[in-house]
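To start, the structure under review is shown below, and the notes come after it.
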Amino acid sequence: MKYALVTGGSRGIGRAVSVKLAEMGYHILVNYQNNDKEAETTLQRIREKGSDGERMKFDVADEEAVSTALSDWMNIHPDEYIEVLINNAGIRKDNLMLWMPGDEWRQVLDISLNGFYNVTQPLLKNMQIKRFGRIINIVSLSGIKGMPGQVNYSAAKGGLIAATKALAQETAKKGLTVNAVAPGFIRTDMTTGLNESELKKQIPVGRFGEPEEVAELVGFLVSPAASYITGEIISINGGLYT
Ligand code: NAP
């Protein structure tokens with residue numbers, strides 16, 4: 001059995017990625033924070049693809065909770081390891097820096113950037129021992145270009161982009177690839193409050209992207225066809241920014 005952990009797998013991009021990896025034969029550990037019902041729906045979609053999975057509920061920002069959940073899993077599966085990790089859990093708390101309270105700054109960094117550390121660090125050892133691993137971090141156009149009203153989110157994703165490049169170089173000789181996928185506007189709960197008809201005028205392709213389109217790119221990066229790609233940040237944004 002090959003195992004993949006998808007953080008924030010209950011909804012949106014994380015769900016689509018979970019389903020894609022299930023289609024590729026992975027057993028999926030679906031992480032999420034609160035939404036049991038949505039996580040169950042993801043599992044149902046995974047099973048419809050002929051694979052299976054399990055829920056793994058924890059807050060990626062809570063180092064102790066992550067450590068407990070992962071070591072429990074490892075104790076139950078002493079001969080197996082998580083070979084694919086998709087660091088996808090994320091939130092946005094948009095505000096002008098002028099009005100941004102410290103908790104909005106910290107929450108966003110805690111989930112995207114510290115969450116990356118909390119989940120990735122404990123899984124690295126086994127990936128290196130087995131000499132195969134795939135880590136894909138879901139970042140954002142905001143972390144490449146910087147977006148007004150998202151200083152916290154841009155900082156978190158920009159930090160994650162730099163971490164991707166550094167970790168890729170640390171682990172390449174051990175058979176790991178570490179890449180990032182940087183979406184533009186994708187139709188999920190995260191973007192439901194946005195004015196899509198106005199925003200899409202700025203997008204050369206003329207529409208928001210679908211989570212399944214992001215999942216196809218992630219699936220490619222996980223596949224053996226992408227063995228020579230590491231340390232890359234690949235945009236998927238309908239031409240919005242190149
Ligand atoms: P979404 O629909 O809002 O889903 C967010 C997912 O993250 C949910 O599964 C949620 O779990 C989980 N989550 C949130 N905080 C968590 C925490 N502390 N611990 C564990 N899980 C947590 O978001 P999305 O649009 O799919 O975004 C997924 C990723 O893509 C994010 O990193 C986001 O920044 C990035 N991204 C999205 C877009 C876009 O346009 N949508 C663009 C660029 C980048 P619950 O269901 O339990 O709440």
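Predicted model only: the values in this text are computed from it and were never measured. Both ligands and their constituent atoms are indexed starting at 1 by order of listing.
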- Item | Within the protein, residues bringing a heavy atom under 4.0 Å of ligand 1, chain by chain | G8, G9, S10, R11, G12, I13, N31, Y32, Q33, N34, N35, F58, D59, V60, N88, A89, G90, I91, I111, I138, V139, S140, Y153, K157, P183, G184, F185, I186, T188, D189, M190, T191
- Where the side chain of N179 meets the backbone of E232, is there a donor-acceptor pair that is under 3.5 Å apart? yes
- Task: State plainly whether one hydrophobic cluster holds both Y153 and Y117, where clusters connect Ile, Leu, Val, Met, Phe, Trp and Tyr through side-chain heavy atoms under 4.5 angstrom apart.
- Result: no
- Message: Is it true that, when you exclude K2 itself, more than 12 heavy atoms of the residues, nucleotides or ligands shown sit nearer than 6.0 Å to its NZ?
- Response: yes
- Run the salt bridge (Lys or Arg N to Asp or Glu O under 4.0 Å) check on K20 and E23 step by step: do they pass? CA-CA 5 Å; K20 177 67 198 175; E23 201 178 281; 3.2 Å; yes
- Here the salt bridge (Lys or Arg N to Asp or Glu O under 4.0 Å) pairs for residues 158-183, sequence neighbours left out, are none
- Hey, is CE on M97 packed in by over 12 heavy atoms from elsewhere, all under 6.0 Å? no
